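Notes follow once the structure below has been shown.
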Amino acid sequence: MDEISTLLLVSILVFVFVLSFVLGLSLANIHAIRRNKKLKQGTEAAYHEAQSILEKSKKESDTLKKEAILEGKEEAHKLISQAKREAKELQLEIQSREKRLLQKEDTLDKREKDVVSKEKETEREKLEAAETLKQAKQTLEKIANLTEDEAKRHLFSEVEKEIKIDAAKIIREYEIKIKEEVDRRAKEIITLAIQRCAFDQARETTVSVVSLPSDEMKGRLIGREGRNIKAFESLTGVDLIVDDTPEVVVISCFDPVRREIARLSLEKLILDGRIQPTRIEEIVEKARTEVDEKIKEVGEASALKVGISGLHPEIIKLLGRLQFRTSYGQNVLQNSIESALLAGMMAQELQVDTQLAKRAALLHDIGKAVSHETEGPHAIIGAELARKYKEGKGVVHAILAHHEDEEPLTIEAVLVQVADAISGGRPGARGDTLEQYMKRLRRLEEVVTTVSGVEKAYAIQSGREIRVIVKPEEVDDNLCALLARDIAKKIEQNLDYPGHIKVTVIRETRAIEYAK
């Protein structure tokens, strides 16, 4: 009974569940049908609305299209009308310009005809004027009883008289200026009287004498077949004279530096005793170094003697080199020291800058230390050197002005002029003949060294011989004779000299290697 009741209850529950499920499905279908119906109605409404909008848009589009077409036609009509109007105006302007051009052409043609007519008239007037002038000249010659040349001479005479009158006026004006200049130069004249210094004077020569321990040394100096003396003369550029004078040899050279190097070298060779070409070359190099050191020491001593300090080291060296330069036989360094002392004393008397005067006077001939290496007057070269090594403007100006390469503008510059004149003007201080002789020898060497292939050239035998050392890599043995002939011709063309000059060409090739 209980089982039947349970089954019945389960059956009822199943029936209820099935019934509920069927009812749920039915309700869901009904709801879906209603929603689909609403959706279909909404879709139809939207479609009808879209159709309405499309029709409305199409109507508006047609309206705008018609309006745009109308506006375009109106705008095109306006543009066409404006273009026609502008074209018409342009055509009228072109016609107007063509008309003006035609008028100008007519005017130019008329002017051209007028110019041609005026040219012919001018030519005719020129001929008439020439004829009139000719007749006038003839009439004037008859009236004045003078020819044309005589009239010119008379006119020139009158002009000359007027010029003389004007010149007299100018001369008077310059006389006034000269009187003023005399007052300025009065101090210069006074300083010429201030000569309170006395100096020893030794004239420079072109030879040095070296004593020998015995006459047997002469043969060693000459060497086998003269190779030692040839090597010595070739390396030093001097002429070694070995004559019958007992126990002495003479070194002859116009250049004091070469002569000093040769003297030192010869003395060292005599003391050493080993006289051969290789040893001679070593000794000569050492002597050159010693001379360079001596130049520096002499420059420092000269500055100290005058009382000048602060000179550039290169200026010191240039001062030392002046010891080996001469001016008309007078030692240039001695002249510079004398000038500096004189200028200092005169500056002290006149109460001007004593140090400036002494400094400028000491350096006034500094250009002569390199004048044989540089073209130009030594005063200008010296001023450039002083400017290069930071000397003051007063010193540079005094150096430039001491030979009137520049007008002296300061008392110190004038004092340098006067001191230089006093030093060089003393009796026996200078000799023109020696200076001219040295210049001729220098010129001889300069001319020869310009020849292609020449390395060095030395004037010896008082200028009667020129010894030429050639570059062995450029000149071979066969060309030596031809080169000697070319040099002789160049000397003949460029120099004036007495007698004959012997040209000796030397070519030497050396191969040096060191064993290690």
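Computed from a predicted structure; not experimentally measured.
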| request: Verify the neighbour count for atom CD of Glu112: are there more than 12 heavy atoms of other residues, nucleotides or ligands below 6.0 Å? | output: no
| message | Please give me the minimum heavy-atom distance between Asp365 and Ser336, naming the atom from each residue. | response | CB-OG, 4.1 Å
| field | Pair Ile487-Val454, side-chain contact (heavy atoms from CB on, under 4.5 Å): steps then yes or no | value | CA-CA 10 Å; Ile487 291 172; Val454 174; 4.2 Å; yes
| query | So, the side chain of Asp420 versus the backbone of Ser339: is there a donor-acceptor pair under 3.5 Å, distance only? | reply | no
| query | For Ala398, does its backbone N or O pair with a side-chain atom of Glu412 as donor and acceptor, under 3.5 Å? | reply | no
| field | Side chain proximity check, Val352 to Leu415, heavy atoms < 4.5 angstrom | value | yes
| Looking at NZ of Lys368 and CD1 of Ile381, how far apart are the two atoms once the value is rounded to the nearest 0.5 Å? | 11.5 Å
| task | With sequence neighbours excluded, tell me which residues meet side chain to side chain contact (heavy atoms under 4.5 Å, CB included) with Ile308. | result | Val306, Leu311, Gln355, Lys358, Arg359, Leu362
| message | With side-chain contact (heavy atoms from CB on, under 4.5 Å) as the test, pick out the partner of Ile241 among Ile460, Val250, Ile251. | response | Val250
| request: List for me each residue that meets salt bridge (Lys or Arg N to Asp or Glu O under 4.0 Å) alongside Lys471, sequence neighbours excluded, and say none if there are none. | output: none
| Rounded to the nearest 0.5 Å, how far does OG of Ser252 lie from CZ of Arg258? | 11.5 Å
| request: Kindly give the heavy-atom pair with the smallest separation between Ala303 and Ile316, and that separation in Å. | output: CB-CD1, 4.3 Å
| query | Would Glu128 and Glu131 count as a side-chain contact (heavy atoms from CB on, under 4.5 Å) if you check the C-alpha gap in whole Å, the side-chain angles of each, and the deciding distance to 0.1 Å? | reply | CA-CA 5 Å; Glu128 292 178 355; Glu131 184 65 26; 5.7 Å; no
| remark: Rounded to the nearest 0.5 Å, the CD1 atom of Ile506 sits from the CZ atom of Arg467 at a distance of 5.5 Å
| task | Verify side-chain contact (heavy atoms from CB on, under 4.5 Å) between Ile229 and Leu221, making sure each step is shown before the conclusion. | result | CA-CA 6 Å; Ile229 192 171; Leu221 285 174; 5.9 Å; no
| note | Residue set satisfying side chain to side chain donor-acceptor pair (under 3.5 Å) with Glu297, at least two apart, ordered chain then number -> none
| request: List in chain and number order the residues that pass salt bridge (Lys or Arg N to Asp or Glu O under 4.0 Å) with Glu119, two or more places apart in sequence or in another chain; answer none if no residue qualifies. | output: none
| query | Do any N or O atoms from the side chain of Glu233 and from the backbone of Leu240 form a donor-acceptor pair under 3.5 angstrom? | reply | yes
| request: Nearest 0.5 Å please: distance from the CD1 atom of Ile295 over to the CG atom of Leu333. | output: 11.0 Å
| query | In Å and rounded to the nearest 0.5 Å, what is the CD1 to CG distance from Ile380 to Leu385? | reply | 12.0 Å
| request: Can you run down the side chain to side chain donor-acceptor pair (under 3.5 Å) pairs that involve residues 264-279, sequence neighbours left out, and say none if there aren't any? | output: Arg263-Glu267, Lys268-Glu290, Asp272-Arg274, Asp272-Arg279, Arg279-Glu282
| field | Set of salt bridge (Lys or Arg N to Asp or Glu O under 4.0 Å) partners for Glu508, sequence neighbours left out | value | Arg510
| Residues forming a side chain to side chain contact (heavy atoms under 4.5 Å, CB included) with Ala383, sequence neighbours excluded | Val396, Ile399, Leu400
| Check ion pair Glu384-Lys388 (N to O, under 4.0 angstrom) | no
| task | Please check if atom CD in Glu225 has more than 12 non-hydrogen atoms from other residues, nucleotides or ligands closer than 6.0 Å. | result | no
| Where at least one partner belongs to residues 294-319, residue pairs that pass ring-ring contact (aromatic ring centres under 6.0 Å, His included), sequence neighbours excluded | His312-Tyr389
| task | Give every residue pair that meets the ring-ring contact (aromatic ring centres under 6.0 Å, His included) criterion with at least one member in residues 399-422, sequence neighbours excluded. | result | His364-His402, His378-His402, His378-His403
| task | Kindly say whether Val475 contributes a backbone atom to a donor-acceptor pair with the side chain of Arg507 at under 3.5 angstrom? | result | yes
| Should Phe232 and Leu266 count as side-chain neighbours, where that means a heavy-atom distance under 4.5 Å? | yes
| query | How far apart are the closest heavy atoms of Glu281 and Leu235, and which atoms are they? | reply | CA-CD1, 3.5 Å
| said: Tell me every residue that passes side chain to side chain contact (heavy atoms under 4.5 Å, CB included) with Arg111, counting only those two or more places apart in sequence or in another chain. | reply: Thr107
| request: Could you walk me through whether Asp476 and Leu479 pass side-chain contact (heavy atoms from CB on, under 4.5 Å), step by step? | output: CA-CA 5 Å; Asp476 58 21; Leu479 289 177; 3.2 Å; yes
| query | Taking atom CD1 of Ile466 and atom CD1 of Ile501, what is their separation to the nearest 0.5 Å? | reply | 8.0 Å
| Non-neighbouring partners of Lys490 that pass side chain to side chain contact (heavy atoms under 4.5 Å, CB included), sequence neighbours left out | Val447, Thr450, Val451, Asn494
| task | Could you list the residues that satisfy salt bridge (Lys or Arg N to Asp or Glu O under 4.0 Å) with Lys317, not counting sequence neighbours? | result | Glu314
| Could Lys296 and Glu293 be called an ion pair, given the rule that one side-chain N must be under 4.0 Å from one carboxylate O? | no
| Could you go step by step and tell me if Lys120 and Glu123 meet the salt bridge (Lys or Arg N to Asp or Glu O under 4.0 Å) rule? | CA-CA 5 Å; Lys120 291 180 180 179; Glu123 189 67 26; over 6 Å; no
| Which heavy atom of Ile270 sits nearest a heavy atom of Pro213, and at what distance? | CG2-CD, 3.5 Å
| field | Closest heavy-atom pair and its distance - Ala459, Leu444 | value | CB-CD2, 4.0 Å
| task | May I ask you to check whether over 12 heavy atoms, not counting those of Gln351, lie within 6.0 Å of atom CD? | result | no
| said: Can you give me the closest heavy-atom contact between Ala343 and Ala419, atom names plus distance? | reply: N-CB, 3.9 Å
